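For reference, the structure is listed below as structure tokens.
In this text the structure is predicted, and so the values were computed from the model without any measurement. Remember, it's 1-based here, ligands and their atoms both numbered in the order they're listed.
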Amino acid sequence: MRAEDRLKKAIERLKALYGPLSPPGDVSDPFKVLIRTILSQNTSYKNELKAFRALEEQVGIEPERLASAPEEDIARCIRPAGQHRQRAKRIKEVAKLVLERYGGNLWGLLRNKPVLEAREELMSLPGVGKKTADIVLLFCARKPVFPVDRHILRIASRMGLLGPRVDYDAVSELAIRALKPGDYLFAHLALIRLGREICRPRKPLCQACPIRDLCDMGSGAQRVGQMAYAPAKPIRSGQPLR
Ligand code: SF4
């Protein structure tokens, strides 16, 4: 089966299993989504949330407040996310640039610019790469982009969807070819949930995996009788999604 068809089938199955999924937090404010995604880079969900909440409570996640706040105050709040000094500097710079370029409001950029142009502009902000820009575009404005995180990369690689070419662009482009734009958000969230609960970095629970027959690694393990993975566990509800 073609990679596009396998991915499409996998997402249909996850849709039946998970039902509708929503992005975490408030997506009505693109600046907050931007800062939260910057905080999420290379850290756990728990620490990202701790840092985000402290910043919200103690400084306020608004361009004006962050641009005028002392860097040390920002750094202290976001310490749980790691690399706090470097990130504080970036966050302050981002806030200043958002104020200068967009008057503190990113909606004009998201709504009025062509998607690729808006993506480029977001990526010109310090600390904002493809994933962060795509998350803001998809979560807030439902633009037709497909953000790829480490869980999605891992699943694509294990499923054997792209051979050795498993990188951000290849996976993102495959998802865009395979799925309808209206399914991008669900697919992104569903694959992350699958990656956290079943297709974990270590000891993936292939026996409990709903897309095992579509996966090279899972079906290969089944064929040769390699059932060395940990036994199936039920999916935990209430797991935070990102
Ligand atoms: S079958 Fe195993 S390796 Fe494949 S997606 Fe499922 S958990 Fe991951």
Side-chain angles (χ1 to χ4, degrees), residues 1-24 37 40-48 129-131 134-135 138-139 144-242:
M1 202 191 298
R2 288 185 326 140
E4 286 83 352
D5 297 330
R6 277 198 286 156
L7 181 59
K8 195 169 164 222
K9 214 165 178 179
I11 297 306
E12 279 163 14
R13 234 176 256 176
L14 294 177
K15 217 185 247 182
L17 187 68
Y18 293 156
L21 297 175
S22 308
T37 312
S40 78
Q41 292 160 3
N42 304 316
T43 193
S44 67
Y45 177 82
K46 201 174 131 204
N47 290 337
E48 163 211 326
K130 292 172 186 174
K131 187 184 90 173
D134 286 346
I135 283 178
L138 181 66
F139 284 17
V145 291
F146 193 90
V148 174
D149 83 332
R150 61 187 188 281
H151 298 290
I152 299 176
L153 274 177
R154 184 172 66 251
I155 293 169
S157 167
R158 287 176 173 173
M159 285 181 78
L161 294 178
L162 288 157
R165 281 189 318 116
V166 181
D167 60 26
Y168 188 100
D169 291 335
V171 176
S172 184
E173 284 161 18
L174 171 70
I176 285 170
R177 281 198 309 277
L179 307 170
K180 289 185 277 184
D183 283 337
Y184 294 170
L185 179 62
F186 172 81
H188 170 84
L189 297 170
L191 289 171
I192 290 175
R193 178 164 172 178
L194 185 80
R196 287 200 173 128
E197 296 175 348
I198 304 282
C199 193
R200 306 180 307 195
R202 296 175 60 197
K203 296 188 178 171
L205 304 175
C206 296
Q207 293 171 73
C209 182
I211 60 166
R212 185 178 185 177
D213 59 312
L214 302 168
C215 170
D216 280 1
M217 183 171 160
S219 56
Q222 196 174 25
R223 250 196 326 272
V224 297
Q226 291 174 342
M227 305 307 249
Y229 302 130
K233 282 184 186 163
I235 293 172
R236 283 170 292 155
S237 60
Q239 181 87 354
L241 295 173
R242 172 158 55 105

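For atom 4 (Fe) of ligand 1, the N/O/S atoms of C215 include one lying under 2.8 Å.
Listed by atom number, the atoms of ligand 1 under 4.0 Å from C199 heavy atoms are 3 (S), 5 (S), 7 (S), 8 (Fe). Residue C209 has at least one heavy-atom neighbour below 4.0 Å for each of these atoms of ligand 1: 1 (S), 5 (S), 6 (Fe), 7 (S). Distances below 4.0 Å separate heavy atoms of R158 from the following atoms of ligand 1: 3 (S).
Note that CG of L7 is 9.0 Å distant from CG of L162, once rounded to the nearest 0.5 Å. Note that OG of S40 is 12.0 Å distant from CG of N47, once rounded to the nearest 0.5 Å.
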For residues 178-187, please give each side-chain donor-acceptor pair under 3.5 Å, one per line with the distance, not counting sequence neighbours.
from	atom 1	to	atom 2	distance (Å)
D183	OD1	K15	NZ	2.8
D183	OD2	K15	NZ	3.4
Y184	OH	I176	O	3.1

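Take L153 and apply the side chain to side chain contact (heavy atoms under 4.5 Å, CB included) test, not counting sequence neighbours, and it matches V148, V166, V171.
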